[in-house]
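In what follows, a structure is listed as structure tokens, so that the remarks can point back to it.
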Protein chains: 2
Amino acid sequence: MRLPIYLKIAQDIKEKINSGELKPGDPIYSENTLCKTYKASRMTVRRGLALLASEGYIYSIPGKGSFVREPDNNSYTLYYNEMKNLVNSVDKTKLLEVSITLPNQRLINSLQVTRNKKIILIRRLFFTEGEPVAYDVKYLPYCKGMPIVEKEIQYATFPEMVAKKMSLFAIRKELIIYTQMPDEEIKKYLNIYSDLPLMVVEQKLYDREERPIGLGITYYRGDYCKLYAESYFSDSLLNEKYKNGVET
Amino acid sequence: MRLPIYLKIAQDIKEKINSGELKPGDPIYSENTLCKTYKASRMTVRRGLALLASEGYIYSIPGKGSFVREPDNNSYTLYYNEMKNLVNSVDKTKLLEVSITLPNQRLINSLQVTRNKKIILIRRLFFTEGEPVAYDVKYLPYCKGMPIVEKEIQYATFPEMVAKKMSLFAIRKELIIYTQMPDEEIKKYLNIYSDLPLMVVEQKLYDREERPIGLGITYYRGDYCKLYAESYFSDSLLNEKYKNGVET
DNA sequence: TAGTGGTCTAGACCACACC
DNA sequence: GTGTGGTCTAGACCACTAC
């Protein structure tokens, strides 16, 4: 078998945890014990344990030992892209407005700006196969280098809009998802004539100093929006190579 | 400074990526170069790089080098618990029904069972401060040891219901989130008399062999349900200890 | 004092990429 | 060939825990 020892160690322990043989709180064999068991050096054993730790399976307490972690049952990975989701993929957009305004009270609070700060306002409609499926509004505090050119805005997602100015790695994003009935204006934009609710996604961007750098609100027709999430098994970004050799 | 060398290396490179000095696709200094720069052994340098790799900042190609990864802009961490969310926390539940039935066509497909397989059906109402806020239905293929005792069901979340039988580590969970108008039955349960939409969360559980082991659908009053998600910076589960020493 | 995990070194051999 | 990353060893010293 060509499976590296450290992966073998990690897999064996993971198997014990998944099967329930090791339960949350239970101690793992000590590093020295594992060294003997696998005839491996301590660094190799530690690498296996480090992998399990980074995947959230175990944790260590200096001087005491390593233990099985309580799994986080309430976290999921949500896939969200303004223009792509389960039921529709935006194939056309219409730029309704690009302008520079002053913030109202809600924006002053939300973006943490003064009432004199210039705000870029962008309003768009998203279409799928000719049908309007979402109404989209963005607010960005104006800075030099901000996108106010139509071409840069038309098909850009929110993170892309600010990416011109800074590294996408440095941006923290928040989503708030809720539902509401459309007002008359949105009904008009989205061709809604019956009792159809909206899915609303508020997206807020922060820089590394936790300063808000943008607020976006997207109003989806309820029948065109499904969001998908799943529990993440960060089952190592590495194992791809060895996926065949799962033999014990 | 007491900051370990490997963390120092990781932080320095992370800083270069966050600031935009290093962009996606750019090569990182080779391991040998970093050894000399930091007067460290190769294992120590590799530990720093491994940390960055596990956090999604970089990736390596054998024989070529390490490079800055394209950030994943569409993934968020969603916090979801049937009984806890932004606007309400369930403080009372009412068990409407616990019974064993046979699956209809939708359940046969969704749970991948035969039409003779017994299904546990659980229907509940969730309350916040006396108000009904959600109507909840669960379907579980019946196995020995399944919870059919009221006490075990009344306040249990979906993953907890099946946890009696297997390790929570081994369960994969999927969520599908959408909105719709309530039918007459749900309107009655949730005291809805006006134009109020529902937030619907479908939760599906799978075992390690990707066999469905449960389907749950929770219908929230739209005004009592907001979901929250954020971009994850897995900024290491470790750094806690050194958070002060961020001086370069 | 003995055992634990945390950090680190200075080597080694390998497969791979590039010239 | 040289340089790269991938795996691994056999030690070392430290701080901490438990007895």
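None of the values given here were measured: they were computed from a predicted structure. Chain naming here is simple, since letters A, B, ... match the order of the sequence lines and numbering starts at 1 in each.
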Original post:
With distance as the sole criterion, do the side chain of R47(A) and the base of dG6(D) form a donor-acceptor contact below 3.5 Å?
Top reply: no
**OP:** Would you tell me if any nitrogen or oxygen in the side chain of K64(B) comes within less than 4.0 Å of OP1 or OP2 on dC16(C)?
**Re:** no
**OP:** Please determine, for the side chain of Y6(A), which listed nucleotide (dT7(D), dT9(D), dG5(C)) has the closest atom?
**Re:** dT7(D)
Original post:
With sugar-phosphate meaning primed atoms plus P, OP1 and OP2, does I61(B) contact a base, only sugar-phosphate, or nothing at under 4.0 Å between heavy atoms?
Top reply: sugar-phosphate
**OP:** Inspect the contact between E202(A) and K226(B) and indicate whether a charged nitrogen and a carboxylate oxygen are less than 4.0 angstrom apart.
**Re:** no
**OP:** Applying side-chain hydrogen bond (donor to acceptor under 3.5 Å, both in side chains), run through D12(A) and Y38(A) and close with a yes or a no.
**Re:** CA-CA 11 Å; D12(A) 284 358; Y38(A) 288 93; 2.6 Å; yes
Original post:
Between the side chain of Q203(A) and the main-chain N/O of K173(A), is any donor-acceptor distance below 3.5 Å?
Top reply: no
Original post:
When the distance from CE of M43(B) to P of dC8(C) is rounded to whole Å, what number comes out?
Top reply: 13 Å
Original post:
OP1 or OP2 of dA10(D) sitting under 4.0 Å from any side-chain N/O of S41(A)?
Top reply: no
**OP:** Please tell me if the side chains of I9(B) and L51(B) come closer than 4.5 Å, counting only heavy atoms from C-beta onward.
**Re:** no
**OP:** Please tell me which of Y38(A) and S60(B) maps to the more 5' nucleotide of DNA chain D, matching each residue to the nucleotide holding its nearest heavy atom.
**Re:** S60(B)
Original post:
When you measure from the side chain of R46(A), which nucleotide among dT4(D), dT7(D), dG6(C) comes out closest?
Top reply: dG6(C)
Original post:
Closest to the T44(B) side chain: dC8(C), dT9(D), dG5(D)?
Top reply: dC8(C)
Original post:
Atom CG of N32(B) to atom P of dG5(D): distance rounded to whole Å?
Top reply: 7 Å
Original post:
Within this structure, what is the CG-to-C1' distance between L3(B) and dC8(C), rounded to whole angstrom?
Top reply: 14 Å
Subject >> Gap between atoms CG and C1', on L49(B) and dG5(D) respectively (whole Å) >> reply: 10 Å
Subject >> Euclidean distance, atom CD of residue E31(B) to atom P of dG11(C) [Å, nearest integer] >> reply: 17 Å
Original post:
Looking across every strand, which nucleic acid part, if any, lies under 4.0 Å from I5(B) by heavy atom: base, sugar-phosphate, or nothing?
Top reply: sugar-phosphate
**OP:** Return the orientation label for the Y220(B) and Y80(B) ring planes: parallel under 30°, perpendicular over 60°, tilted otherwise.
**Re:** perpendicular
Original post:
Which nucleotide in the list dG5(D), dG5(C), dC8(C) gets nearest to the side chain of R42(A)?
Top reply: dG5(C)
Original post:
Of all the nucleotides listed (dT9(C), dG5(C), dT9(D)), which has the minimum atom distance to the side chain of A40(A)?
Top reply: dT9(D)
